[in-house]
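Data first, discussion second: the structure below is written as structure tokens.
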Amino acid sequence: MFLDNVKLGVRFLPEKPEGRFYVAKSRLCSHRLSFLCAKPGKGRSSELCIITADREGCALIRYALLWKREAFGKMTDSLATQRGGIEMSQINVSNLTFGYEGSFDNIFDNVSFSLDTGWKLGFAGRNGKGKTTFLKLLLGEYSYQGSITASTCFDYFPYSIRKENRSKPAVEFLEELKPGSEQWRVFCEMDKLGLEGDLLYRRFDTLSFGEQTKLLLAVLFSGENDFLLLDEPTNHLDQESREMVKSYLKEKKGFILVSHDRDLLDACIDHILVLNRKSIEIQSGNFSSWEENKRRQDEFSRRENEKHRKTIGKLREAAGQTKQWAAKNENSKIGFDPVKEHDRSIATRAYIGGKTKKMQSRVKQMEKRIEREIRQQEGLLQDIEEIPALKLMPLKYHKERLASASGYGLGFAGSSKMLFEELDFEINQGERIFITGRNGQGKSTLLKMILEKATGIPQFGKGERPEERGELKTASGLVISYISQDTSFLKGSIGKFCQERRMEESLFCAILRQLDMDRNQFRKNMEEFSEGQKKKVLLAASLLTPAHLYIWDEPLNYIDVFSRVQIEELLLEYCPTLLAVEHDVRFRERIATGLLSLDKNGELSEKKL
């Protein structure tokens, strides 16, 4: 038991308690509502109590709930101190070889390395290189050659939610997600992530992507002494939530964090594991320190490669010249003109033969040096990331203004609160506007409404369309290229996908190759792609579509850092009109010409240029 010196008692919450009791666990019966509460004591002691109230005592319950936010942090900090940290141990990977059935190449080929479970380990690399696969290998989900030994228990994020559970509240399948998980612990973690407790009792499919992610993170963090495998935990999270996750992970010890968010990696990790093109490296430090080391190493490799290339060229030239001299000298050994060469005789043949032999020996030495230089040159450029430039074909519209809103608001039927209201903005040609705000505030809903107004194609299912207030206008005949958050609809072959969208398959595949997708992937169905590869399919389709306005809804989720740099360079070069939701701070700071920031009350602040 990790709680020691605990006093347990049953009492009712007084109207004006001398100390504060913090709600940790609740249970709803037919006519009574019970709360398991905690009151931190002095030193290492804590006090637990049970508060019970019938339906007429709701005021007491509400009074208790008002205090929970401040309290949860205090209580869990106290518990964390008492139960201690993770015991240091090693994860040893030896001669690991793994490849998917039917795949042409192995993802890992005779790989060996060791990790310390006390590390805050960042895990980076190109999409499709095997980051998620390695985490699944640690969990024992795939068979492999070689060995992986560890003396710790793993827990993986994101959890897989069965289809039938999506229409239920999370509290009903909590045990399935994390066996042994206690509700009061989940409540504590939810509060740290800024979530209201009632989200645990709402249907899971009614929550936004960000709310779903934070709720599942709370379940993950509620466990004890598990070594956490976090596979891109900040996808779909708003900036405020990312900051909460960042702060939370700073206090944690012992995890592997797969992420392409440079800001998150810099803030949370002390070691980094990188899957390069042909090698695996582990360094102490964060992502920026690795990136700087990588830049210097690449520069050194390029210089060394150039030096070897020049040396090889000079050696080949000298060897060729020496070969010619040796051949010419050998040819002069037999036969000579006594008039022109009056000093020669038959006795000089031995001298000429010896001289030729020395020249041929020099040629062989040069060839050996060339082979040695080539061997030293091999592998110098194997891990260098060459990022090709992408192209975009934005269309020019005959008017400056493409879309505008006046006193505009959206809300769902039956809800007492609007998503946002009194919204005023304009989108003009050449602007790159990023919408920011908390999860569930209607950012994606606004993008879909603009898309629906411009194209006339319904973007909402039956009963899902929000109610409008005010006015939203789009220019007539506007051509829009749209990227959705959701990739689950991608099924079938790339050829069929291109045919449905009337795109040239060869051009589409060429863009995917520029985004570093392997040709072997083109033979697979898209449902077999990694999430990052699926997102690249949507990006490539958008880049290949000439448009007046590009609407991108979190386009960089799951996309690797190198591809993010490609997209940044592309947007800065071609300057398309862009309306986007994206939570990558560094990307947004470099690209945005304006921000539409939804504050906590759902009102729009002025656009910042």
Side-chain angles (χ1 to χ4, degrees), residues 122-127 131 158 208-210 213-214 217 230-250 257-269 272 274 286-288 290-291 385 387 390 392 431-439 441 443-444 446-447 482-487 515-516 530-536 538-540 542-543 550-573 576 578-598 608:
F123 196 4
R126 282 277 197 177
N127 293 130
K131 300 183 294 298
S208 70
F209 282 120
T213 300
K214 285 192 282 187
L217 279 171
L230 301 162
D231 196 354
E232 306 197 45
T234 57
N235 284 332
H236 306 296
L237 292 187
D238 56 46
Q239 188 56 40
E240 184 180 350
S241 302
R242 288 180 181 226
E243 290 299 323
M244 290 178 180
V245 172
K246 188 194 303 182
S247 300
Y248 193 92
L249 289 178
K250 283 180 183 178
L257 172 63
V258 176
S259 180
H260 303 296
D261 188 328
R262 292 158 282 184
D263 191 53
L264 177 69
L265 289 172
D266 279 348
C268 297
I269 66 173
I272 186 165
V274 182
N286 58 20
F287 181 83
S288 289
W290 170 82
E291 191 175 34
E385 293 285 350
I387 303 178
L390 297 170
L392 190 65
E431 291 184 330
R432 298 185 294 276
I433 308 298
F434 283 66
I435 303 174
T436 64
R438 293 177 298 138
N439 291 127
Q441 277 200 292
K443 301 183 296 295
S444 297
L446 176 59
L447 294 184
Y482 175 67
I483 294 179
S484 169
Q485 281 192 50
D486 187 24
T487 60
L515 290 168
D516 201 56
S530 70
E531 286 299 322
Q533 290 169 335
K534 290 179 181 178
K535 208 69 177 184
K536 285 183 177 179
L538 298 183
L539 270 170
S542 182
L543 298 182
Y550 291 83
I551 297 180
W552 290 358
D553 193 357
E554 301 194 26
L556 301 186
N557 282 348
Y558 307 104
I559 296 292
D560 60 68
V561 173
F562 305 104
S563 298
R564 293 184 185 213
V565 173
Q566 275 181 294
I567 302 299
E568 288 175 6
E569 299 297 336
L570 171 79
L571 295 175
L572 292 174
E573 180 178 356
L578 174 69
L579 181 63
V581 174
E582 178 51 54
H583 302 298
D584 186 325
V585 177
R586 298 191 187 182
F587 180 84
R588 192 172 63 223
E589 287 177 348
R590 191 176 181 202
I591 299 302
T593 62
L595 297 178
L596 292 177
S597 179
L598 296 172
K608 302 172 185 177

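Basis for what follows: all heavy atoms, side chains included, without hydrogens, waters or symmetry-related copies. These figures come from a predicted structure and were not determined experimentally.
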Between R588 and T436, a side-chain donor and acceptor under 3.5 Å: no
Flag side-chain contact, heavy atom, 4.5 Å: S563 against R126: yes
Heavy-atom side-chain proximity of L446 to I435 below 4.5 angstrom: yes
Within-4.5 Å side-chain heavy-atom neighbours: F587 and L571: yes
Residues E243, K246; criterion salt bridge (charged side-chain N to carboxylate O under 4.0 Å, His left out); working and verdict: CA-CA 5 Å; E243 290 299 323; K246 188 194 303 182; 3.0 Å; yes
Heavy-atom closest contact (H260 atom, N127 atom, distance): NE2-ND2, 3.7 Å
Non-hydrogen side-chain atoms of I272 and V274 separated by less than 4.5 Å: yes
Derivation of the side-chain contact (heavy atoms from CB on, under 4.5 Å) call for L579 and L447: CA-CA 8 Å; L579 181 63; L447 294 184; 3.6 Å; yes
Minimum side-chain heavy-atom gap Y550-S542 below 4.5 Å: yes
Any donor-acceptor N/O pair, R432 side chain to T593 backbone, under 3.5 Å: no
Backbone N/O of V245 and side chain of K250: donor-acceptor pair under 3.5 Å: no
Distance-minimising heavy-atom pair for W552 and I567: CZ3-CG2, 4.0 Å
Test salt bridge (charged side-chain N to carboxylate O under 4.0 Å, His left out) applied to R590 and E569, step by step: CA-CA 10 Å; R590 191 176 181 202; E569 299 297 336; 2.8 Å; yes
Residue list, side-chain hydrogen bond (donor to acceptor under 3.5 Å, both in side chains) with T234, at least two apart or on another chain: none
Residue pair L578 / I551, side-chain heavy-atom distance below 4.5 Å: no
Donor on one side chain, acceptor on other, D553 and Q485, under 3.5 Å: yes
Minimum heavy-atom distance P555-L539, with the two atoms named: O-CD1, 4.1 Å
D516 bridged to K536 by N-O distance under 4.0 Å: no
Spacing of CG belonging to L570 relative to CG belonging to L392, to within rounding of 0.5 Å: 5.0 Å
Name of the residue among D261, D263, D584 meeting salt bridge (charged side-chain N to carboxylate O under 4.0 Å, His left out) with R564: D584
Non-neighbouring partners of D231 that pass side-chain hydrogen bond (donor to acceptor under 3.5 Å, both in side chains), sequence neighbours left out: T132, Y156
Pairing of E568 and R262 as salt bridge, 4.0 angstrom limit: yes
I591 CD1 to I433 CD1 distance, which is reported to the nearest 0.5 Å: 13.0 Å
Check ion pair K534-D486 (N to O, under 4.0 angstrom): no
Geometric class of the W290/F287 ring pair [parallel <30°, tilted 30-60°, perpendicular >60°]: tilted
For K535 against I559, the heavy-atom pair lying closest together: CB-CD1, 3.6 Å
Closest contact, heavy atoms only, Y558 versus E232: CA-OE1, 3.0 Å
Check: L257 and L264 side chains under 4.5 Å, non-hydrogen atoms: yes
L538 and T487, any side-chain heavy atoms less than 4.5 Å apart: yes
Gap between atom OG of S484 and atom CD of E554 - 0.5 Å precision: 10.0 Å
Which atom of N557 lies closest to which atom of E582, heavy atoms considered: N-OE1, 4.5 Å
Gap between atom CZ of R242 and atom OG of S259 - 0.5 Å precision: 7.5 Å
N/O donor-acceptor pair under 3.5 Å between D266 side chain and S288 backbone: yes
